[in-house]
Amino acid sequence: MRVVTWNINSLRLRLPLLERLVAELSPDVICLQETKVPDELFPEQVPARLGYPFHLRRGMKGYNGVAILSRVPMRRDDTAPDWCLKDDRRHLAAVLDAPSGPVTLHDFYVPAGGDVPDPAANPKYAHKLAFVEEATRYFAAHPAHARCVLVGDLNIAPGEHDVWSHRQLRDVVSHTEPEIVRMRAWMDTGFVDAMRQFVPPTEKLYTWWSYRNRDWRGSNRGRRLDHVWVTPDLLPSLRDLVVHVAARDWPQPSDHVPVAVDLAL
DNA sequence: ATGGTGGATGTTCCA
């Protein structure tokens with residue numbers, strides 16, 4: 001089963017690119033972030049037309065928004081809280097009917113956190129830290145013991161080689177120590193980093209390149225903001241990782257590229 | 001130290 005996570009940065013603007021993702025990667029499950037479409041304006045017929053009879057969506061006007069498209073049946077899991085009581089549509093959970101049995105799937109869009117890495121001066125950074133802390137408390141209280149996959153744009157690049165320059169980004173939001181410490185605590189509630197099972201932590205690995213760069217490939221100032229975590233019982237099921245870097249050169253691209261993980265489920 | 005680009009919205013916010 002191939003699970004893809006992708007921050008699409010406007011679903012309606014990039015419907016042709018979603019179709020291209022399906023043609024090129026043929027995912028079984030697609031987790032989207034930053035759909036930027038209210039549920040009532042969601043392109044209702046598109047998932048089925050692309051081969052995904054099942055979909056869940058949780059959007060709002062202008063900002064945020066997540067969606068899951070699936071070839072296998074799934075049911076929504078609504079047990080998680082409204083993070084930071086903001087109703088800001090950053091999380092969807094589902095239980096997938098995988099061939100080997102049910103699998104729980106979480107699709108997260110963690111707040112980006114603004115520019116200034118000081119929670120006292122920057123409410124967006126404070127929100128980001130609080131969001132990750134709340135998620136950590138939740139998963140500590142409700143551990144994902146087994147058969148759980150967590151994906152999304154977590155907006156944190158934790159490792160030295162998850163950014164183009166550890167030295168130059170250590171005070172840049174997405175790579176600060178308080179974010180990294182909190183992200184590790186979240187993962188340590190019961191997950192392992194699936195992407196790093198395929199690419200050693202000593203090797204550069206990016207999923208995002210800023211729009212504010214004329215030659216993204218030439219300068220290659222990337223960050224790994226998008227993640228796939230699995231419960232340890234799924235480690236023997238991991239088969240492949242595809243970071244679809246070519247998508248950064250698609251016409252009118254997202255600044256994030258799709259990440260696919262294959263699991264024998 | 002600064003500004004660079006893009007999406008949704010609406011004369012600005014967010015990333």
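First the proteins, then the strands, lettered A, B, ... as listed; each starts at 1. Please read all numbers here as calculations on a predicted model, not as lab measurements.
Taking the side chain of R214(A) as heavy atoms from C-beta on, and the options dG4(B), dG7(B), dA15(B), the nearest nucleotide is dG4(B). Considering only side-chain atoms of K124(A), the nucleotide from dA15(B), dT9(B), dG7(B) that sits closest is dA15(B). Considering only the side chain of K36(A), dG7(B) comes nearest among dT9(B), dA15(B), dG7(B). Set against dT5(B), dT9(B), dC14(B), the side chain of Y63(A) has dC14(B) as its closest nucleotide. Comparing dT9(B), dG7(B), dA15(B) by their nearest atom to the side chain of Q252(A) picks out dG7(B).
Rounded to whole Å, the separation between the C1' atoms of dA15(B) and dG4(B) comes to 14 Å.
Cation-pi geometry between R221(A) and W164(A) is met: under 6.0 angstrom from the ring centre, within 45 degrees of the axis.
Contact annotation for R90(A): backbone-only contact, meaning every heavy-atom pair under 4.0 Å involves sugar-phosphate atoms and none involves a base.
Nucleotide dA1(B) holds its C1' atom 14 Å from the CD atom of Q168(A), rounded to whole Å.
A donor-acceptor pair is defined here as one N or O able to donate and one able to accept, closer than 3.5 Å; no such pair exists between the side chain of T176(A) and the backbone of V173(A).
Cluster note: L225(A) groups with W208(A) through ILVMFWY side-chain heavy atoms spaced under 4.5 Å, whether in direct contact or through intervening members.
Ranked by how close their nearest DNA chain B nucleotide is to the 5' end, P111(A) and S210(A) are led by S210(A). Between R12(A) and Y211(A), the residue whose closest nucleotide on DNA chain B is further toward the 5' end is Y211(A).
Stem list for DNA chain B (at least 3 consecutive Watson-Crick or G-U pairs, distances under 3.5 Å): B:5-8 with B:12-15.
Applying the salt bridge (Lys or Arg N to Asp or Glu O under 4.0 Å) rule to D107(A) yields no partners; only residues at least two apart in sequence or on another chain are considered.
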